[in-house]
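What follows is a set of notes on a single structure, which appears directly below.
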Amino acid sequence: MLRTLFEDVHEDFRASFRTFLEREVIGEEGRYGDWERAGIVPREVFALAGRGGFPGWPSRSATAAPAWPTSALT
């Protein structure tokens with residue numbers, strides 16, 4: 001379905017974040033499932049997201065809780 005609400009830059013952000021999730025969160029090893037069972041996501045993931053330039057994620061430290069941008073994924 002073609003969306004007309006957002007501009008290309010939004011679609012670029014969504015694609016970039018999706019790639020980040022596939023590479024760093026899901027991963028080939030299925031890390032997300034392990035984290036879900038453990039009930040925690042390693043702080044390093046938040047730091048990687050911040051370094052990747054995703055808003056709402058700590059860029060220098062992983063001590064703050066991120067504002068998960070779920071709207072970017074839909």
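As the structure is a prediction and not an experimental result, all values here were calculated from the model.
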### Message
Determine whether a donor-acceptor pair (N or O, by modelled atom type, separation under 3.5 Å) exists between the side chain of Ser16 and the backbone of Asp12.
### Response
no

### Task
State, with a plain yes or no, whether a side-chain heavy atom of Val25 is found less than 4.5 Å away from one of Trp35.
yes

#### Entry: Passing option when Phe20 is tested against Phe13, Phe46, Phe54 for ring pair (Phe, Tyr, Trp, His ring centres under 6.0 Å)
Phe54

### Task
Would you give the length of the straight line joining atom CD of Glu24 to atom CZ of Arg31, rounded to the nearest 0.5 angstrom?
6.0 Å

